[in-house]
Amino acid sequence: MKDTLFLRMRQSGWFDVGLFILSAALVLLAIGFGGVIQYNFQMSRMPADFNEYQINEALGSLAHIRNGTLLVGKTLLAVALVGFSILAVSSALAPRISLRAKKRFSVLGVVFQYLAAGTITLVILFPIYWMVISSLKTSHELLLPVPTLWPHEFQWENFPNVLERAPFIRYLFNTLVSTFFIMLGQVVMGVLAAYGFSKGRFVGRDTLFMLVLGALMIPIQVTFVPIYVMVSRMGWINSFPGLIVPNLVSAYFIFMLRQAFKAVDDSYIDAGRIDGLGRIGTIIHVLAPMCAPTLITISIISFINGWNSYFWPRMVATKDEFRTIAVGVVRLRRTFSGVEVANYNEIMAGAVMAIIPIVIVFLFLQKYIMTGMSKAAMK
Amino acid sequence: MISKLSLKTRNSLKGLLLVSPALFFFAVFVYRPLIHTAILSFHDWNMVSPTRLFVGWDNYLEMLENPALGKALQNSALYAVWLIGIIILLPILTTAGMTYVHNRVRKMFRVTLFSPTVVSLGIASVMWLWVFNPIGGLLGTIWEELGLAPLNWLSSPKTALVAIVIIVGWKAFGYNMLLLLAGLGGISGEVIDACKVDGADGFGLWLYVILPLLSPTIFFILISTLSMATEYVFTPIHVLTGGGPVNASTNIVFEIWRQAFRWFRVGYSSAIAIAVFLIFFVLMIFQMWLSEKVVSYDER
């Protein structure tokens, strides 16, 4: 009977979420217990006449971190266990439906996988977590020899302080405007060109497409000097056209959209033609709805790339009125003239403000990003 | 006028009209600058003076003699080896381990993997600068915790390159792994079941069935990583080390920028740029050839 309950639990997806949390908890607990063992070992070798301060000095971060890690690990463990018991009760009470297990897993394999997933999660998310909590610390706490995992005291003033130090609102505005127009240009030009290259019939179509593929292979880091000279001759240094125009078309998106359009059968287009649609009409009423996921994905990726770009904005915008947010955050370090170490809380506050809009976009639209990218990767 | 032409010619013209804005853009912002770079590479110019001096192959000859560039080239190879390991091979191996992870966990895991992508490389560099900071930084503390000598990651010639590699690896690992997981999800269970019935087990199944079926995704990752590689490595170098200490972390793409914008030696910079372009070109051709040979697009 026990076996059947286990199988029933395992059929729920929440079982795996529980395993995921459990594995993260186990990783943390292992680190914590390692810390405890090392702590006891070092304590046993500690000279007897040390006072508490000297002991703390000698132990370094062991004095604090082991407990914090253990605490987080235990909390996660408790969450996982409570989750499992709720799951056990609910699956025991649930009406008995098919109990056939879908697949047979080797236990060791599953354990390994969840441990790996837990470790990767911790490694990837920890720097971001570190940035966020550092932005809330006081300067004093920031420079403690043993960093704290959770701020003792929240200093929310860091955020208004940064706003006073640099024109962040202006940076955000610049980024939003330039990103919007870059996105618009890349999507519209991408759709037009992709339509021509996938459904148009003209001499030399595939040869001309090689030019697009070639552009994909010439990064701006190779050709930026002449582009910079050209842009500056037009007087576009420190202006929105300078930020926007050199990024207006993306070979990568033309390539992706062409793949999507090619998958649409010609008969749909012919049907649209018979109903009296022109080329633009066909794109708007036939291709765009059919390739909506790709279009949405491309718009989002274009937005993220535009928001995050650093190389070109750094070169074109040398005045605060036209700096974008990524450049602004990097510049922020220089405004502290040598004492930046004590002010990392404010720099991190700036960084947090810079990524908040893009994180919101991502969280709301992640479904489209994921599906679109997986399609792109399989072609 | 147009109406007098035949239908076929008219269709051709309209098709050309659709692609012409993009092609015009590429002509102005990609190909003309490339040719211009090639021309500049035979000149001596400081970007401001109205005249430029024709010097023939001098810039290219200097490239061969300059030890700093040799160092940059060597570093570029090091970066390539490290990054191929961290953001291409490691995700493939990790994905190999993730065959059975449940869908719901995968969805959560995907959010984790994607999250570095939304952090701009410039901002990520600043964030990691704080993590690497000797006082109060995270990594330094862990490092000393392990009983190792204190280390200032970014200002030691031995570790500056590794520090940059860590940042780029952090940024790109998740994205590539995400694509691989998506590719893995796209392989039909029936194929795998059939192979199991035929007696394929763990490792053999992976090597002979799943890996070939994943090859389009792997190829896609190779292409996209290569085309992003210049920006990936340039930004952290530019923000954090400026190529230093003692050229320990510079690479050839950074040298293009440094020669042109710090020392205003546009001609020399352009010569390096052309060399980088040629290297890229050869790599791309090699990848194309590899994809013809190895990638199997069947059974999808």
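Quick note on labels: first sequence line is chain A, next is B, and so on, each numbered from 1. On a predicted model such as this, the values are computed, not experimentally measured, just so you know.
Using a 4.5 Å heavy-atom cutoff, the side chains of A:Phe202 and B:Val19 are in contact. Within the 4.5 Å cutoff, no side-chain heavy atoms of B:Arg32 are placed close to those of A:Thr223. With a 4.5 Å cut-off on side-chain heavy atoms, A:Val225 and B:Trp257 do not count as touching. Side chains of A:Phe311 and B:Thr230 form no contact here, defined as non-hydrogen atoms less than 4.5 Å apart. Using a 4.5 Å heavy-atom threshold, the side chains of A:Phe224 and B:Ile256 count as touching. Taking 4.5 Å as the limit, every side-chain heavy atom of A:Phe197 sits out of range of all side-chain heavy atoms of B:Leu18. Under the 4.5 Å side-chain criterion, counting only non-hydrogen atoms from C-beta, B:Phe114 is in contact with A:Ile304. For the pair A:Ile124/B:Leu113, a side-chain contact is recorded, criterion being any heavy-atom separation below 4.5 Å from C-beta on.
Of the atoms belonging to A:Arg205, not a single heavy atom falls under 4.5 Å from chain B. Looking at B:Ser269, the atoms closer than 4.5 Å to chain A (heavy atoms on both sides) all sit in the side chain, from C-beta outward. Both the backbone and the side chain of A:Val222 come within less than 4.5 Å of a heavy atom in chain B. Using a 4.5 Å cut-off between heavy atoms, B:Val118 contacts chain A through both its backbone and its side chain. Heavy atoms closer than 4.5 Å to chain B are found nowhere in A:Val327, neither backbone nor side chain. In this structure, chain B has a heavy atom under 4.5 Å from the side chain of A:Arg279, while its backbone stays farther away. Contact of B:Trp170 with chain A is made through the side chain alone, with heavy-atom distances under 4.5 Å. Interface remark: B:Phe281 contributes no atoms to any contact with chain A (heavy atom separation under 4.5 Å). Both the backbone and the side chain of A:Ala251 come within less than 4.5 Å of a heavy atom of chain B. Heavy atoms closer than 4.5 Å to chain A are found in both the backbone and the side chain of B:Met127. For B:Phe29, the parts lying near chain A are the backbone and the side chain together; criterion is any non-hydrogen pair under 4.5 Å.
Chosen from B:Leu17, B:Val131, B:Leu34, the residue pairing most often with chain A at heavy-atom distances under 4.5 Å is B:Leu34. Interface remark: of the candidates A:Gly185, A:Pro246, A:Ala193, A:Pro246 forms the most heavy-atom pairs closer than 4.5 Å to chain B. Between chain A and the options B:Val119, B:Ile221, B:Thr117, the largest number of non-hydrogen pairs under 4.5 Å is found for B:Val119. Of all the listed residues (A:Glu141, A:Lys199, A:Met189, A:Met315), the one sharing the greatest number of non-hydrogen pairs under 4.5 Å with chain B is A:Met315. Counting heavy-atom pairs closer than 4.5 Å to chain B, the top residue among A:Phe126, A:Phe209, A:Trp130 is A:Trp130. Among the candidates B:Val276, B:Ile272, B:Asn133, the residue making the largest number of heavy-atom pairs closer than 4.5 Å to chain A is B:Asn133. Contacts with chain A were tallied for B:Ser224, B:Pro33, B:Gly15; B:Pro33 has the most, counting heavy-atom pairs under 4.5 Å. The candidate with the highest count of non-hydrogen atom pairs below 4.5 Å against chain A, out of B:Val239, B:Leu226, B:Thr235, is B:Val239. The candidate with the highest count of non-hydrogen atom pairs below 4.5 Å against chain B, out of A:Ile220, A:Thr121, A:Leu19, is A:Thr121. With chain B as partner, the option from A:Leu208, A:Val203, A:Val359 having the largest number of non-hydrogen pairs under 4.5 angstrom is A:Leu208. Here B:Ser120 is the residue among B:Ala22, B:Ser115, B:Ser120 with the most heavy-atom pairs under 4.5 Å with chain A. Of the residues considered (A:Val329, A:Ile128, A:Val229, A:Val212), A:Ile128 shows the highest number of contacts with chain B, using heavy-atom pairs under 4.5 Å.
Ring centers of B:His238 and A:Tyr310: under 6.0 Å apart, within the cut-off.
Between A:Tyr228 and B:Phe261, the ring-plane angle classifies as perpendicular under the 30° and 60° cut-offs.
Judged purely by atom type and a 3.5 angstrom limit, B:Tyr31 uses its side chain to pair as donor or acceptor with the backbone of A:Leu211. Distance alone, capped at 3.5 Å, places no donor-acceptor pair between the B:Trp130 side chain and the A:Met348 backbone. Distance alone, capped at 3.5 Å, places no donor-acceptor pair between the A:Asn308 side chain and the B:Ile123 backbone.
To the nearest 0.5 Å, atom CD of residue A:Gln186 and atom CZ of residue B:Phe25 are 8.0 Å apart. Here the CG-CE distance, from A:Leu216 to B:Met284, works out to 6.5 Å after rounding to the nearest 0.5 Å. One distance of note links CD of A:Gln221 with CZ of B:Phe280; it measures 8.5 Å at 0.5 Å rounding.
By the 6.0 Å contact criterion, CZ on A:Arg201 is open, its count of non-hydrogen atoms from other residues, nucleotides or ligands being 12 or less.
Pairing each heavy atom of B:Trp128 with each of A:Pro127, the nearest pair is CZ2-CG, 3.6 Å.
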